[in-house]
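The structure appears right after this line, and notes come after that.
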Amino acid sequence: MTGSGDSVEKQVENLTAEDAREEFLELQTLLWAANREYHSSDAPSISDADYDTAKRRYLDLLDQFPELRKNATQAATVGAPIADGFTKVTHAVRMLSLGNAFEDEDVQNFDTSIRKYLGLDREAALSYTAEPKIDGLSLSLRYENGELVQAATRGDGETGENVTANARTIQALPHRLTGAPAILEVRGEVYMSHPDFEALNARILAKHQADPNPNKKEPKLFANPRNAAAGSLRQLDSRITAERPLRFFAYAWGELSEPLAETQWGAIERLAALGFETNPLTAQCSSPADLLAHYRQIEEQRASLDYDIDGVVYKVDDLSLQERLGFRSTTPRWAIAHKFPAELAWTRLEAIDIQVGRTGALSPVARLQPVTVGGVVVSNATLHNEDYIKGFDSKGEEIRGGKDIRVGDWVQVYRAGDVIPKVADVDLTKRPDDAVPFEFPTTCPECGSQAVREEGDAVRRCVGGIICPAQAVEKLKHFVSRKAFDIDGLGAKQIEMFYEDEHLPIRTPADIFTLQSRDSENLSKLEKRKGWGDQSASNLWAAIDEKRTIAFGRLLFALGIRHVGEVGARDLALHYGDWDVMAQAVDMARAAALAHRAADEAEEAERVAAAEHGRRARVKEARDRALAESNVPDAATAAWSDLTGVDGIGATLGLSLSDAFANSDERAAFDALRAHLTIVPPEAPQKDSPVAGKTVVFTGTLEKMTRAEAKARAEALGAKVSGSVSKKTDLLVAGPGAGSKAKKAADLGIETVDEDGWLELIAGA
DNA sequence: TATCCTCGAGTTCC
DNA sequence: CTCGAGGATA
């Protein structure tokens, strides 16, 4: 604070614009150099105090002379010394989220399904741990030979952000461990205590009030301790993080060179012994009833704790059981988060707007009088669909006790999973007399096309397809989104801008790849426009060029074909290996796809007819008749069954894919796009195990594991588990009592082992 | 046919 | 993060 540079202390008010500019540029150079030195860990040429003073002066000048902003080069932007943000870290062991329980019954089911999976009966002992779920952000700390070498946020679970410099400033974290495994990744929650949070906000406020600048902006206070902790940990300038009182509870681990203990409880004790803070309210419990008792106890203490918690986490205590239970796609089977009831708030519903998504889905959104829910001001909330507003679903079942939602109503709002605002209830006693039931539109509010609701479907969809500007824009946004083409500098905002652009429009995916050549022929060049410069334009061209080579799966996902998501696209890419091979196969299967649809329709017609006449529906015959009438070539049938034989690809997805490729407009768009791209074929995931890529069938009684467990293990090792023996089967695992399957396998000459043989086979993996 | 699980598509706020 | 629906399975 006690700055030495006199020039820095000059009164802003007396400056001419020219003086200001000169001083501004000087400061910029100074700060830039200081940032560079600081981050390359050179000896800094100025003290922290001088740096702060210079920075404050720099920002003051910017406030006073906004026109200076155009002189601010991005690299020197103060407060963000590293312009590009954090580097990415791939977690050695994924950081997963937890499944949720809301009711006592869910906790009982958790116990039941674990016992079922492990094959334990109801009386068998099964111990758990229960600990408060801290409302902060998870952090993974990697120690090698006792040294803290890396800290990473959770991110999407696969990769997080490298926040090592910031983590090193957290006082509560041991920087060096003694007696720890050579490799130890400690995971836990970074949080801020209530007193520290309030003191921080008070400090920000005081600093603000002390600021003599008359043009100062409103102080930016943190809404809650969690935001404060997140904001502090994700500071690009770790000196700021150092000033923030962050704390850390350890509760889990990632990669380990040796086990920490045999139980969860023991592992936590071990982490505590190594110097990590662990939560004192952790307990060992021996039954669901015990877990619930501990839950209530923590719930009672909740208000008196000096940190925020949002539930209680239950984990299977025995680590070898944890390992057997393993993981579903995104959550472990051996742990669950029992959430406290969400915070509720009442407010007025001011309007209901309809948004149109990329598939044409009309989604109602509630515009609310802003209200604070769980520390965040909410002004929008999802209303899901037509039925949710009406209060009855298509089967006539009540939603919210059958109360409909009307504009003008008092509505109760909560944040589902503490994130997505939802309207939960309506106060009928406060309903205005003139409130009328909401009429859900039957035409698209964006393009005027019909909006139809398929039988049994919850959503109403605009049929306009690519004609509908809303769908076209949303489709393009999907195309450039992170899991699709992921083009730097071409996000949702830019897509909206370019879609509307007169001179340089992007209306189809292919337009993205002709953008630069069209720009060069254009009179109103991009780099001449407001908000664009030489640099930003050439950055965009480079980012687009980078994606002219694209993985097959990403491309297929990017097209936004209904029902073809990230996983489906990847599986299809893996199955066909090549774009043209797939396109040909899909074309070939067209006749069979249409026949399948005809059969569905015939089946439905038969049901209706049967219901009318009060007779039993002869569904199968109706289907067979329809299929026979369609007279599908064998090659088409073969292509169709090959397509729908892919794991996870069924008739719905097959039809959707077929329709997209058969639609001449869409097909033309695909072909136009393809001309600009080099498509990289997918690499089969190579698992290093003796059963990778093999198709395995289990039969008979398994004694050392349950069916579900055997299947999950086999799949984790890259095997495909099938229910029936065919000539594609590579291995049959037969327990006692194996019958027809074992015989069939013997007939086909398929290798057969017993359970022990199987365990031996996979033992090394 | 019912039941489980996963995926797709929708959503808000920072 | 949640819901609904698709797909696999018992």
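Just so it is clear, the model here is predicted, and its values are computed rather than measured. Sequence lines set the chain letters: A, B, ... in the order given, protein chains first and strands last, and positions in each chain run from 1.
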>> Parallel, tilted or perpendicular, judged at 30° and 60°: which one describes the rings of A/Phe485 and A/Phe479?
In response: parallel

>> By the 4.0 Å heavy-atom rule, please label A/Phe102 as base, sugar-phosphate, or nothing.
In response: sugar-phosphate

> Quick one: A/Arg460 CZ to C/dG4 P, roughly how many Å, whole number?
Replying inline: 17 Å

> So what does A/Gly568 touch, heavy atoms closer than 4.0 Å: a base, only the sugar-phosphate, or nothing?
Replying inline: sugar-phosphate

>> What contact category does A/Asn385 fall into here, base, sugar-phosphate, or nothing, at under 4.0 angstrom with non-hydrogen atoms?
In response: nothing

> Given atom CG of A/Asn109 and atom P of B/dC5, what is their separation to the nearest angstrom?
Replying inline: 11 Å

> Nearest of C/dC3, B/dT12, C/dT2 to any side-chain atom of A/Asn380?
Replying inline: B/dT12

> Can we call the ring centroids of A/Tyr576 and A/Phe552 under 6.0 Å apart?
Replying inline: no

> So what does A/Ala651 hit on the nucleic acid, given a heavy-atom distance under 4.0 Å: a base, only sugar-phosphate, or nothing?
Replying inline: sugar-phosphate

> Among B/dC14, B/dT11, C/dT2, which is the nearest nucleotide to the side chain of A/Asn100?
Replying inline: C/dT2

>> Distance to the ring centre below 6.0 angstrom and angle to the axis at most 45 degrees; does that hold for A/Arg400 and A/Tyr388?
In response: yes

>> Rounding to an integer number of Å, can you tell me how far A/Arg333 CZ sits from B/dC5 P?
In response: 8 Å

>> Centroid separation under 6.0 Å, is that true for the rings of A/His338 and A/Phe110?
In response: no

> Taking CG from A/Asp647 and C1' from B/dT6, how many angstroms apart are they, rounded to a whole number?
Replying inline: 12 Å

> For DNA chain B, whose closest nucleotide is more 5', that of A/Glu566 or that of A/Leu362?
Replying inline: A/Glu566

> What is the distance, rounded to the nearest whole Å, between atom CZ of A/Arg453 and atom C1' of C/dG4?
Replying inline: 12 Å

> Rounded to the nearest Å, what distance is computed from the CG atom of residue A/Asp387 to the P atom of nucleotide B/dG10?
Replying inline: 17 Å

>> I need the CZ-P distance between A/Arg226 and B/dC14, as an integer number of Å.
In response: 12 Å

> Tell me: CD1 of A/Ile399 to P of C/dC3, nearest whole Å?
Replying inline: 11 Å

>> Checking contacts here: which listed nucleotide (C/dC3, C/dA5, B/dG10) is nearest the side-chain heavy atoms of A/Ala458?
In response: C/dA5

